[in-house]
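A short worksheet on the structure shown next.
Note: hydrogens, waters and symmetry copies are ignored here, and every other heavy atom, side chains too, is used. None of these values were measured; they are calculated from a predicted model.
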Amino acid sequence: MMRAWVLPMLLVLCGSVVSIGLILGGSPGTAAALLLVFVLLAGVNSPLFFPRPIGALEAQHRSAVDGRPIVFWRAGCQYCIRLRFRLGRSARQLHWVDIWRDPDGAAAVRAANEGNETVPTVVVAGRPHVNPAPEWVREQVRPSR
């Protein structure tokens with residue numbers, strides 16, 4: 001779990017160091033703006049940006065009941081961030097599994113990707129899709145009428 005927070009903590013630390021240097025150099029406004037940028041980057045790269053993760057077994061059970069896709073992801077993955085950002089509010093309708101927190105999730109991703117932990121891997125109706133287009137994932141969430 002700590003591994004997911006390394007990049008966000010480094011971003012905040014670096015932003016703080018640079019901001020202190022700017023404050024000491026007489027540019028408090030620039031320092032505040034730069035620190036804000038670093039904090040925002042840390043937030044986007046943290047697990048807080050994603051819906052609350054569940055275990056792979058629970059996600060598979062829920063998906064079997066409600067038919068919603070499962071998204072296997074990990075913090076700091078630029079493709080996972082892109083998918084989460086582009087899905088917007090639709091992201092809350094998916095079942096999210098953090099492969100760094102759940103060994104069963106990591107094993108499921110490796111099984112679907114020839115031994116690699118390639119994320120995001122989206123499972124729809126039991127079929128894995130590696131790094132699918134966000135628009136396609138959003139279509140899988142919409143109820144068919």
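The hydrophobic cluster around Val6 extends to Leu10, counting ILVMFWY residues whose side-chain heavy atoms fall within less than 4.5 Å of a member. In this structure, Leu41 shares a hydrophobic cluster with Leu7, Leu11, Val18, Leu22, Leu34, Val37, Phe38, the cluster being traced through Ile, Leu, Val, Met, Phe, Trp and Tyr side chains under 4.5 angstrom apart.
Of the possible polar contacts, none joining the Asn116 side chain to the Thr118 backbone as a donor-acceptor pair under 3.5 Å is found. Proximity of a side-chain donor or acceptor of Asp66 to a complementary backbone N or O of Arg68 within less than 3.5 Å is detected.
Shortest non-hydrogen contact noted between Val137 and Pro132 is CG2-CG, 3.5 Å. In plain terms, the two heavy atoms of Ser90 and Arg138 that are nearest each other are OG-CG, 3.6 Å. Smallest separation of non-hydrogen atoms from Val124 and Pro69: CG2-CB, 3.8 Å. Between Val119 and Cys77, the shortest heavy-atom contact is O-SG, 3.6 Å. Heavy-atom minimum distance, Ile81 versus Gly76: CD1-C, 4.4 Å. Shortest non-hydrogen contact noted between Ala56 and Asp102 is N-OD2, 2.7 Å.
Using a 4.5 Å heavy-atom cutoff, the side chains of Leu87 and Val141 are not in contact. For the pair Phe50/Pro47, no side-chain contact is recorded, criterion being any heavy-atom separation below 4.5 Å from C-beta on. Counting heavy atoms from C-beta outward, Pro120 and Phe72 have side chains that stay 4.5 Å or more apart. Side-chain contact between Val97 and Val71 is absent, with no heavy atoms from C-beta onward closer than 4.5 Å.
Residues forming a salt bridge (charged side-chain N to carboxylate O under 4.0 Å, His left out) with Arg62 (at least two apart in sequence, or on another chain): Glu58. By the side-chain hydrogen bond (donor to acceptor under 3.5 Å, both in side chains) test, Arg92 pairs with no residue at all, sequence neighbours left out. Every side chain to side chain contact (heavy atoms under 4.5 Å, CB included) that Ile23 has, sequence neighbours left out, goes to Ala31. Considering only residues two or more places apart in sequence or on other chains, Asn131 meets the side-chain hydrogen bond (donor to acceptor under 3.5 Å, both in side chains) condition with none of them. Partners of Leu35 by side chain to side chain contact (heavy atoms under 4.5 Å, CB included), not counting sequence neighbours, listed by chain and number: Ser16, Ser19, Val39. Applying the side chain to side chain contact (heavy atoms under 4.5 Å, CB included) criterion to Pro128, with sequence neighbours excluded, gives Ala112, Thr121, Val123. Scored by the side chain to side chain contact (heavy atoms under 4.5 Å, CB included) test, Leu57 finds Gln60, Asp104 as partners (sequence neighbours excluded).
Separating the CH2 atom in Trp73 from the CZ atom in Phe49 is a distance of 10.5 Å, to the nearest 0.5 Å.
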TODO: Go through the steps to decide whether Ile70 and Leu94 satisfy the test side-chain contact (heavy atoms from CB on, under 4.5 Å), and finish with yes or no.
DONE: CA-CA 6 Å; Ile70 302 169; Leu94 304 171; over 6 Å; no
TODO: Report the C-alpha separation of Asn45 and Trp5 in whole Å, then their side-chain angles, then the decisive distance to 0.1 Å, and conclude whether the side-chain contact (heavy atoms from CB on, under 4.5 Å) test is met.
DONE: CA-CA 8 Å; Asn45 284 286; Trp5 288 99; over 6 Å; no
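Screening residues 106-133 for ring pair (Phe, Tyr, Trp, His ring centres under 6.0 Å), with sequence neighbours left out, gives His129-Trp136. Among residue pairs with one or both ends in residues 73-87, those qualifying as salt bridge (charged side-chain N to carboxylate O under 4.0 Å, His left out) are Arg86-Glu135; sequence neighbours excluded. The salt bridge (charged side-chain N to carboxylate O under 4.0 Å, His left out) analysis of residues 110-131, with sequence neighbours excluded, yields the pairs Arg110-Glu117.
Hydrophobic cluster membership differs between Val17 and Met9, with clusters built from Ile, Leu, Val, Met, Phe, Trp and Tyr side chains linked at under 4.5 angstrom.
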